[in-house]
There are 2 protein chains.
Amino acid sequence: MDLRHISFRLLEVFMCVVKTRSISETARQLHLTQPTVSQQIKRLQETVNEPLVMVNQQRIHITEAGFALFQTCQQVFGHFDDYQDYLAELRGGERGRCKIAMVNTAQYILPKLLGPYSNLHPHVELPLEIGNRAEVLARFERGEDDIYVFSHPPSLEHAKAGRFLQNPLVFIAPINHLLASKSHVTLHDIVSERFLLREPGSATRMLFESELQSRGFVLSNTVQMASNEAIRVAVGSGMGLGVVSRHVLPPHDTSFCMLDVEDVNLASHWYFVVRTDRHLSHAARNFLKFAQLNLEQCLDKQWVTNELSQLNKSLN
Amino acid sequence: MDLRHISFRLLEVFMCVVKTRSISETARQLHLTQPTVSQQIKRLQETVNEPLVMVNQQRIHITEAGFALFQTCQQVFGHFDDYQDYLAELRGGERGRCKIAMVNTAQYILPKLLGPYSNLHPHVELPLEIGNRAEVLARFERGEDDIYVFSHPPSLEHAKAGRFLQNPLVFIAPINHLLASKSHVTLHDIVSERFLLREPGSATRMLFESELQSRGFVLSNTVQMASNEAIRVAVGSGMGLGVVSRHVLPPHDTSFCMLDVEDVNLASHWYFVVRTDRHLSHAARNFLKFAQLNLEQCLDKQWVTNELSQLNKSLN
DNA sequence: CCAACCCATAGATAATAACCTATAAGATAC
DNA sequence: GTATCTTATAGGTTATTATCTATGGGTTGG
């Protein structure tokens, strides 16, 4: 029995013959002519190499082998029906996977969106990848994920991006630092301080350094720290100054204070970025729609910059 | 998703791609060219209307929908494999159905064959139909069964027959009947007796009556009885004479005796008859082969007339 | 950087599947 | 016995499938 050349149409016709016990009736139901049905059945019998139906006196009798094939077909079509249902759920965003890669700092804000989304769509898998900018950029280049979260988005040649949240960088100092009490602080005042910085490749650090460079400053005393938390705690305990995203700071931490450096504004934005040359999973599309509609509810309104509607429109 | 025009070949190719994670490797394994495989996958994706595989850096990634389809396919092919196994059993005669219609008298002999056969092939269904000659003939005309057992076979226009057993008809009389002790009995001596006969349409009766007619005799006193048992018992209790198949008589019943009517020989044979214009089930073919090989062991050798080899040969 | 390998696309072809119409032969029902 | 229904067969057409070759662009490994 060579299954290769039998199509589902053929089985469909056969099943109808079994159900109706009539070639002519099958032809009527499937909008075919009677000879077509006769012929299809004949062909099916030839490939199975076994009689499936027998005609006696205008009455059709299904052989053992025919009935067994019928049952087989029922199961097979059942499986494909299940698959259809599965696809429907996938398309509806009820099921599936949305793989998100984000830079370190984003992990302080994204969960506020992911949590509610995940509650709404419990069958959607949401694997998260967290790395520094360079790592996420590498993933982006390789197209390993559905959605990328950057502050400064990469070249958008094969990608589209949409801003959704401000990412203000702030200077923090120990609460008892002498600059903490000064009312007018400038960049010049602080470059000679010891700075606690993330590793090179971190977006925060890159942004700060490019600002310094354009203004002709060089930091003289820096310590590299592995994470935003480490910096925050270290600053709190008096090790030096730090530059971190505003979102990293817990609301009521009094172990440090923010410096208002008058002549520096290191504002940037968070972007959702998707590649346009890769298929975007339904779940990912769905998540972006969810984000568009729920940003304000999930995140602190004062920072929200909802430009996702353009992104979503362009993805249709 | 329109399944109708996708063939199993297509799914086979797809499954191989999923397994090997490679278009080229699939092409090699299935003796196709790489573009062919690419195209097939593309077409499958179009009919499913969902991406199934994604190519990243020469590496193939199976999407959610693709993997689900793969699993569906595995199950589907599993069902067809099961069906293949079923067919193999059917063809081997291990499974299936052999519907046999026989005339009343045959029920005394056929079970001796059917019992051993059924023990050997416990999964073969053996529905039996028992009727008088006219009834079985009607079934034969309609082709309702696989095998028919007749003494005088019908017109063999669309049928083939093979003898397997003698069917001697004997006259029986009450043990104390006055003819029982006579050494030379002729037809003439007994026609005036009361005869217990089966209904018209019974083969035994027809055979007897045609003999009588050709010899110019007419029975004057007949009683119609519904079965061979009834006749046997009635003869034993002295109601009259009977003509029955030798096989109907229990070996050691002394309530009656056989008359040796010198000038009558109502010998006939049992035939297996099959229609040639109908498909014969594997189980039926298998049964006939079994019968050919086991007649002598299952039935009283003295009556066996094994002409089934020709029948079986002609059925191949 | 080049050779080797991956996949995608375009364009072509032969096979065949999927239909049809016309027709015939057998069964059924009144 | 005729009209009507059934299925089977023959013969033909069109659409689709299943392939191929040729080619091009991207990736990988030395």
Side-chain angles (χ1 to χ4, degrees), chain A residues 2-14 16-18 20-48 51-63 66 138 141-144 157-158 275 277-279, chain B residues 2-14 16-18 20-48 51-63 66 138 141-144 157-158 275 277-279:
Chain A
D2 186 4
L3 283 180
R4 293 187 304 185
H5 292 291
I6 62 174
S7 65
F8 284 88
R9 173 58 161 178
L10 202 54
L11 298 180
E12 202 179 318
V13 170
F14 169 67
C16 191
V17 169
V18 173
T20 61
R21 302 288 157 114
S22 160
I23 303 265
S24 302
E25 181 56 26
T26 297
R28 282 189 287 270
Q29 284 187 19
L30 302 185
H31 308 294
L32 297 170
T33 61
Q34 169 267 313
T36 300
V37 177
S38 281
Q39 211 176 317
Q40 297 273 58
I41 296 299
K42 194 176 168 194
R43 195 161 72 81
L44 183 60
Q45 288 183 149
E46 276 161 10
T47 66
V48 172
L52 301 170
V53 308
M54 281 162 54
V55 181
N56 209 307
Q57 335 269 128
Q58 298 200 358
R59 206 157 248 104
I60 280 191
H61 174 242
I62 312 296
T63 65
E141 293 299 340
R142 294 178 165 270
E144 292 186 33
E157 195 183 349
H158 297 294
R275 296 199 58 124
D277 56 351
R278 299 260 179 278
H279 170 79
Chain B
D2 186 5
L3 282 180
R4 293 187 303 186
H5 291 291
I6 63 176
S7 67
F8 284 88
R9 173 59 162 176
L10 202 52
L11 298 181
E12 203 178 319
V13 171
F14 169 67
C16 191
V17 169
V18 174
T20 61
R21 301 288 157 118
S22 159
I23 303 268
S24 302
E25 181 57 27
T26 297
R28 283 189 287 269
Q29 284 187 19
L30 303 184
H31 307 294
L32 297 169
T33 60
Q34 169 266 314
T36 300
V37 178
S38 282
Q39 210 178 318
Q40 298 272 58
I41 297 299
K42 193 176 167 193
R43 195 161 73 81
L44 184 59
Q45 289 184 148
E46 276 159 12
T47 66
V48 172
L52 301 171
V53 308
M54 280 161 52
V55 183
N56 209 306
Q57 333 268 132
Q58 297 200 0
R59 202 154 253 104
I60 280 193
H61 174 243
I62 312 296
T63 65
E141 292 298 341
R142 294 177 165 271
E144 293 186 35
E157 193 182 350
H158 297 294
R275 297 200 56 125
D277 57 351
R278 300 259 179 279
H279 171 78

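Side chains are part of it too, since the values below use all heavy atoms of this structure and drop only hydrogens, waters and symmetry mates. So you know, we letter chains A, B, ... as the sequences are listed, proteins then strands, and number each from 1.
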Report summary line: Computed from five pairs at either end and rounded to 10 degrees, the angle between the axes of the helix from C:dC1-D:dG30 to C:dC30-D:dG1 is 40°
**Report entry** Separation between CG of B:Leu10 and OG of A:Ser7, rounded to the nearest 0.5 Å
**Finding:** 11.0 Å
Query raised in the report: How far does CG of B:Leu30 sit from CZ of B:Arg9, to the nearest 0.5 angstrom?
Result: 5.5 Å
**Report entry** Interatomic distance where CZ belongs to B:Arg43 and P belongs to C:dA17 [whole Å]
**Finding:** 13 Å
Query - A:Ile6 CD1 to A:Leu11 CG distance, which is reported to the nearest 0.5 Å - result: 5.0 Å
Query raised in the report: Base, sugar-phosphate alone, or nothing: which one does A:Arg9 contact when heavy atoms must sit under 4.0 Å apart?
Result: sugar-phosphate
Query raised in the report: How close or far is atom P of C:dA22 from atom CD of A:Gln39, stated in whole angstroms?
Result: 16 Å
Query raised in the report: Closer to the 5' end of DNA chain D via nearest nucleotide, is it A:Arg21 or B:Leu10?
Result: A:Arg21
Query raised in the report: Is any side-chain heavy atom of B:Ser38 closer than 4.5 Å to a side-chain heavy atom of B:Lys42?
Result: no
Query - Ion pair check, B:Arg43 and B:Glu46, cut-off under 4.0 Å - result: no
Report task. Quick one: pull up CD1 in A:Ile62 and CZ in A:Arg21 and give me the separation to the nearest 0.5 Å. Result -> 4.5 Å
Query raised in the report: Just wondering, do B:Leu52 and B:Ile41 contact through their side chains at under 4.5 Å, heavy atoms?
Result: no
Report summary line: Atom CD1 of B:Ile41 and atom P of C:dT9 are separated, to the nearest Å, by 13 Å
Query raised in the report: Taking the side chain as C-beta and beyond, is there a heavy-atom pair between A:Leu44 and A:Gln40 under 4.5 Å?
Result: no
**Report entry** Strand contacts (DNA chain D) in residues 27-36 of chain A, 4.0 angstrom heavy-atom criterion
**Finding:** A:Arg28, A:Gln34, A:Pro35
Report task. State the CG-OG1 distance between A:Leu32 and A:Thr26, to the nearest 0.5 angstrom. Result -> 9.0 Å
Report summary line: Per nearest nucleotide of DNA chain D, the residue lying toward the 5' end, A:Arg4 or A:Val55, is A:Val55
Query - Of B:His5 and B:Arg59, the one whose closest DNA chain C nucleotide lies more 5' - result: B:Arg59
Report task. Would you grab the first and last nucleotide of DNA chain D (5' to 3') that comes under 4.0 Å of any non-hydrogen atom in chain B? Result -> D:dT17 to D:dT28
Query raised in the report: Nearest 0.5 Å, what's the CD1-CD distance between B:Ile23 and B:Gln39?
Result: 11.5 Å
Query - Least distance between heavy atoms, A:Ser24 atom then A:Gln34 atom - result: OG-CG, 4.0 Å
Report task. Just call it for B:Gln40: base, sugar-phosphate, or nothing, with non-hydrogen atoms closer than 4.0 Å on any strand. Result -> sugar-phosphate
Query raised in the report: Hey, does the side-chain of B:Glu25 have a donor or acceptor N/O within less than 3.5 Å of a partner on the base of C:dC6?
Result: no
